[in-house]
Amino acid sequence: MTKEEIIRKYKQYLFPSVSTYYSEPLVTDHANMQYVWDVEGKKYLDFFGGIVTISVGHANPRITSKVKAQVDKLQHASTVFPNEGIVALAEKIARLTPGEISQSYFTNSGTEANEMAIQLARAHTGNFEIIALRHGYSGRSQLAQSLTGQNTWRQSLPAGFGVVHAMNPYCYRCPLGKTYPDCGVACASDVEAVIQTSTSGRIAGFIAEPIQGVGGFITPPPEYFKIVFRTVKQYGGDFIADEVQTGWGRTGRKWFGIEQWEVTPDIITAAKGLANGAPVGATFTRPEIAASFRGLQISTFGGNPVTCVAAKATLDLIEEDNLLENAHVVGSYFREGLEGLKDKYPLIGDVRGMGLMQGIELVKDPVTKEPAPQETAQLMEEARRAGLLIGKGGLWGNVIRMSPPMNISKGDVDEAIRLLDRALAAVEQTRHATVGAR
Ligand code: PMP
């Protein structure tokens, strides 16, 4: 099929709510390690990794060779028949997860992982109410949408009962108008205020992303989650860390984002990068919490042998190549480059993130901080033209999200910064031309 045919059929046969990037969608053809090619043969440096999912490079032969062998051996049998793949993966995860977390429940997506986590916290605590954060993203099911704190990703449908939202630790746009560190991390007290005013006072749990992904890589001050953890415990809840984006070394030097904040959660959810592109979701917890979930459970494809082999190979590779360290070293180098671009372009209001999860928030004016969604959309187009794939996010669509494979080098970062610089210069030129024409 030609590019035009694919785009036309995409619009004709898929739900229109399946959104695509760019004014003309980019039709992918193939990919290799940090590069993606479109159907017309144009090559792109991929600094988004299929939405924080390609952890160790597209079609990495160290993963695909094992996947291919497993497809030929056993594609599917379901969890009613144990197999080596699921056990080897669960054992490995038990070694990597913090505290006493050692049991896994496998599904197919982050949405399902979060669904399971909420049900689990409710079963374990005997309480019902859940605290989530504004600007958070939890998935697309009815419950996951109810947990989500962005109108962009919620339908006008009755929300799941028993979910209330607290302020998020968004330092660049502090919901309390304060400045860190003089603020004393006052936003963290909102979790207690919400529990006291909007719940029965006994909660099932609290769910949050250690760095809010879709929300625009919103990174909390280091104290935030420690304070919140104490509150959650005081009111009887389980602490759920949604590691769908931050897991598996992405933030550098730690396997999980929540470990950066020195909190040991009760429940962890994962998806995306765990299997380097094979569909996976997983919920991890301590045995006594897992045991509180009564009744039978099955997810037909959850723990699929091919997916489990892909996930185990991904984790093995991350460990063997010490990519936790690479994410820190190359991520810090990337951060320096982005800070340099911020000094050059007033359009960049904030640079944030951790490791190889870095974002820039674009504003029309650094003083008023008015969000710049049109400029962000243009930057996406210009970056594409320059040969760089980046992602978009934030409540106002004005944050660029970058999450390249964790095995990139400083040379790849140099190239990405060069291409971003070129794209930013083009956006600046348009802005000046528009201002001049007024
Ligand atoms: N949690 C977070 C933090 C996510 O970023 C996402 C996906 N963007 C999800 C949950 C839902 O995952 P999925 O799309 O696999 O259902």
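Order of listing sets the numbers, starting from 1, for every ligand and every atom in it.
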Atom 15 (O) of ligand 1: closest protein heavy atom, distance to 0.1 Å, is G110 N, 2.8 Å
Can K272 be said to touch ligand 1, with heavy atoms closer than 4.0 Å?
-> yes
Judging by distance only, is a nitrogen or oxygen of I51 under 3.5 angstrom from one on ligand 1?
-> no
Which residue and non-hydrogen atom of the protein lie closest to atom 1 (N) of ligand 1, and at what distance in Å?
-> D242 OD2, 2.7 Å
What side-chain donor-acceptor pairs closer than 3.5 Å can you find for residues 74-81, not counting sequence neighbours?
| from | atom 1 | to | atom 2 | distance (Å) |
| --- | --- | --- | --- | --- |
| S78 | OG | V80 | N | 3.3 |

Mind checking whether N114 contacts ligand 1 via backbone (N, CA, C, O), side chain (CB onward), both or neither, at a 4.0 Å heavy-atom cut-off?
-> side chain
Any side-chain donor near an acceptor of the partner, D321 and N326, under 3.5 Å = no
For ligand 1, which atoms have a heavy atom of E209 less than 4.0 angstrom away?
-> 3 (C)
In terms of side-chain heavy atoms, does Y170 have a donor or acceptor partner in E361 at a distance below 3.5 Å?
-> yes
Give a yes or no on whether the backbone of M167 and the side-chain of D190 come within a donor-acceptor separation of less than 3.5 Å.
-> yes
Quick one: which ligand 1 atoms are inside 4.0 Å of a heavy atom on S109?
-> 15 (O), 16 (O)
Would you say the side chain of T376 lies within less than 4.5 Å of the side chain of V399, judging by non-hydrogen atoms?
-> no
Taking the six-membered ring for Trp and the single ring otherwise, decide whether the centroids of F47 and F334 are under 6.0 Å apart.
-> yes
Which ligand 1 atoms does G139 reach within 4.0 Å, using its non-hydrogen atoms?
-> 11 (C)
Any side-chain heavy-atom pair of W248 and N276 under 4.5 Å | no
Top protein contact for atom 5 (O) of ligand 1, by heavy-atom distance | Q245 NE2, 2.7 Å
Considering only heavy atoms from C-beta outward, does the side chain of E129 approach that of V164 to under 4.5 Å?
-> no
Please state whether R140 comes within less than 4.0 angstrom of ligand 1, counting heavy atoms only.
-> no
Residue pair E209 / T246, side-chain donor-acceptor N/O under 3.5 Å = no
Any heavy atom of S138 under 4.0 Å from ligand 1? The part involved is backbone
Flag T111 as yes when one of its N or O atoms lies below 3.5 Å from any N or O atom of ligand 1, and as no otherwise.
-> yes
Does G213 come within less than 4.0 angstrom of ligand 1, counting non-hydrogen atoms of the residue?
-> no
